[in-house]
Engineer: 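Have a look at the structure that comes next, please.
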Number of protein chains: 2
Amino acid sequence: MQQLTPMDEIVLTERQAGVLDAVLRLLVEKGDQLTMTAVARRASCSKETLYKWFGDRDGLIAATVRWQASRVRVAPIDRAGLDGATLTARLEEFAVNWLTVISSQTSIALNRVAIGQAAGRQASLGAIVLENGRFAMGRRLKPVLEAGRDAGLLGFDDTEAAFRTFFGLVARDIQIRLLLGDRMDLDPETIRADAVRATRQFLALHGATTTSTGAAGS
Amino acid sequence: MQQLTPMDEIVLTERQAGVLDAVLRLLVEKGDQLTMTAVARRASCSKETLYKWFGDRDGLIAATVRWQASRVRVAPIDRAGLDGATLTARLEEFAVNWLTVISSQTSIALNRVAIGQAAGRQASLGAIVLENGRFAMGRRLKPVLEAGRDAGLLGFDDTEAAFRTFFGLVARDIQIRLLLGDRMDLDPETIRADAVRATRQFLALHGATTTSTGAAGS
DNA sequence: AATGTACCGTACCGTACGGTACGCTTCCCT
DNA sequence: AGGGAAGCGTACCGTACGGTACGGTACATT
């Protein structure tokens with residue numbers, strides 16, 4: 001996965017951003033059968049302008065995905081001053097953030113269209129979504145995990161493997177169920193509880209101080 | 001999720017099964033832009049017959065999904081004679097089975113089309129896939145988990161929650177990456193190793209004999 | 001004022017595809 | 001043998017939609 005379209009500075013006028021916003025809204029409500037005509041009408045612009053700006057339909061969708069990804073990018077987690085409580089808080093914060101993102105209507109719609117496009121022809125959208133979703137998460141969390149290990153709070157050999165374990169404990173079956181249309185209501189309290197549970201489980205598996213925090217309790 | 005289309009006895013002639021097989025193959029290679037004409041040509045039948053048998057395009061795809069689901073159904077795991085080694089073997093077997101299924105081209109293609117259809121209009125395909133995938137797995141594994149608890153080998157309060165934890169430890173980021181077009185080669189050895197690791201982690205979290213098996217090591 | 005640019009709205013074109021109609025062959029039933 | 005049902009192959013229809021062309025308008029530049 002060799003760093004494709006890493007994070008190109010996206011230069012968009014206000015107007016163009018408005019168009020992509022319309023695409024996003026349409027994608028959420030209409031699913032992937034959004035038409036160029038519908039986009040033009042919703043954004044109050046002409047189809048000709050759409051084609052001039054974005055080339056073709058795939059280009060428009062790709063621009064939308066990239067633009068949304070560039071908006072989601074959050075502040076990096078600082079790895080300074082890591083004690084046990086701080087590490088726990090960082091992990092929980094990360095899990096809350098991640099669960100909030102994947103349960104959002106926008107993320108679901110975008111993942112759906114990327115997956116639909118990944119069937120057959122070029123899977124460029126899938127690569128973009130993966131790069132700005134799953135892999136961006138990995139790049140953000142791994143320094144934290146390694147700082148935790150350096151501080152003697154965590155124990156693992158393979159950072160990637162440790163991250164994937166945490167990923168699994170956080171996401172479980174949630175994303176696939178949402179993508180397949182299962183109605184799960186993830187209110188903030190549920191997300192918070194899930195994040196706490198996942199973090200506790202992760203620390204039970206990889207925490208150096210397994211016995212002290214009482215993490216093994218049900 | 002109120003038991004929709006539970007497992008209708010599917011009555012299909014050999015010929016009809018052959019048609020659905022063609023749909024499946026076409027779905028795998030062509031993605032979701034399979035056309036009725038292509039199906040008819042591949043299956044050497046007329047479009048008129050297709051419509052007579054399956055109603056319309058959605059009916060054809062739904063029949064394909066249901067038929068494939070009915071084929072995948074495996075023998076239930078017996079819960080007799082559970083000692084530690086047997087439980088471990090059961091969990092590993094289950095994990096291997098699950099990973100093998102979700103990494104198969106057929107499963108990926110089917111999930112993709114169901115997800116694509118879940119965007120907008122009725123999400124019936126998504127419900128069918130969910131019912132025969134994720135939820136069928138739960139129904140299969142939960143008796144094993146509860147038998148393990150009854151035998152004093154496992155500890156948990158909520159069977160559903162325990163199953164979802166196991167699910168997360170097994171699947172991690174694999175399914176979403178495959179759906180988005182990431183090329184991961186899951187050879188049998190990798191799957192085996194993943195299954196062993198997930199089982200070991202699950203037992204470390206929920207096993208009654210946490211300290212004895214040395215599961216906490218890297 | 002003249003000219004050019006950007007863009008909106010809409011009409012238009014070509015094609016792909018879902019769905020239907022029809023002629024022909026095969027095979028079963030009696 | 002005669003009649004009907006099943007089904008293959010193909011031609012056909014209607015429509016939806018991607019993409020293009022064009023007239024009209026607002027605004028900037030000179």
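First the proteins, then the strands, lettered A, B, ... as listed; each starts at 1. Note that the structure is a prediction, hence the values are computed from the model and not measured.
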Engineer: Grab the two heavy atoms, one from B/Ile108 and one from B/Ser103, that are nearest each other, plus how far apart they are.
Structural biologist: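 That closest heavy-atom pairing would be CD1-O, 3.9 Å.
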Engineer: Testing the basics here: between A/Ala63 and A/Phe54, what is the closest heavy-atom pair and its distance to 0.1 Å?
Structural biologist: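 Here A/Ala63 and A/Phe54 meet closest at CB-CD2, 3.8 Å.
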Engineer: I'd like to know if A/Glu92 and A/Arg197 make a salt bridge, using a cut-off of under 4.0 Å between side-chain N and carboxylate O.
Structural biologist: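 Salt bridge: no.
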Engineer: Does atom CZ of B/Arg41 have more than 12 heavy-atom neighbours, drawn from other residues, nucleotides or ligands, at distances under 6.0 Å?
Structural biologist: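 No - once you tally the heavy atoms of other residues, nucleotides and ligands closer than 6.0 Å, there are 12 at most.
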Engineer: When the C1' atoms of the five terminal pairs at each end define the local axes, what inter-axis angle does the helix from C/dA1-D/dT30 to C/dT30-D/dA1 show, to 10 degrees?
Structural biologist: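 It comes to 0° between the two terminal axes.
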Engineer: Does a side-chain N or O of B/Trp53 approach OP1 or OP2 of D/dA6 to a distance below 4.0 Å, or not?
Structural biologist: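 It does not, given that no N or O in the side chain of B/Trp53 lies less than 4.0 Å from OP1 or OP2 of D/dA6.
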Engineer: How are the rings of B/Phe167 and B/Trp98 set relative to one another: parallel (under 30°), tilted (30 to 60°) or perpendicular (over 60°)?
Structural biologist: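 Plane angle between 30° and 60°, so tilted.
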Engineer: Taking heavy atoms of chain A and a 4.0 Å limit, find me the 5'-most and 3'-most nucleotide of DNA chain C within that range.
Structural biologist: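 First and last nucleotides in contact are C/dC7 to C/dG9.
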Engineer: Can you pull out the residues from residues 38-51 of chain B that lie within a 4.0 Å heavy-atom distance of DNA chain D?
Structural biologist: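 Contacts with DNA chain D under 4.0 Å: B/Ser44, B/Cys45, B/Ser46, B/Glu48, B/Thr49.
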Engineer: Go through the steps for A/Arg134 and A/Glu160 under the test salt bridge (charged side-chain N to carboxylate O under 4.0 Å, His left out), then give the verdict.
Structural biologist: CA-CA 12 Å; A/Arg134 152 70 177 84; A/Glu160 172 78 3; 2.9 Å; yes
Engineer: For B/Leu60, answer base if it contacts any base atom (sugar-phosphate contacts may also be present), sugar-phosphate if it contacts only those atoms, and nothing otherwise; contact means non-hydrogen atoms under 4.0 Å.
Structural biologist: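 Contact class for B/Leu60: none.
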Engineer: Does the pair B/Thr190 and B/Asp194 meet the rule for a side-chain hydrogen bond (donor to acceptor under 3.5 Å, both in side chains), with working shown?
Structural biologist: CA-CA 6 Å; B/Thr190 307; B/Asp194 267 6; over 6 Å; no
Engineer: Once you measure the plane-to-plane angle for B/Phe163 and B/Phe94, does it fall in the parallel (<30°), tilted (30-60°) or perpendicular (>60°) bin?
Structural biologist: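 Taking B/Phe94 first and then B/Phe163, their aromatic rings stand perpendicular (interplane angle over 60°).
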Engineer: May I have the step-by-step check of salt bridge (charged side-chain N to carboxylate O under 4.0 Å, His left out) for B/Arg192 and B/Glu93, ending in yes or no?
Structural biologist: CA-CA 9 Å; B/Arg192 187 83 225 164; B/Glu93 172 195 4; over 6 Å; no
Engineer: Check this for me: does any side-chain nitrogen of one of B/Arg42 and B/Glu29 sit under 4.0 Å from a carboxylate oxygen of the other?
Structural biologist: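 Yes.
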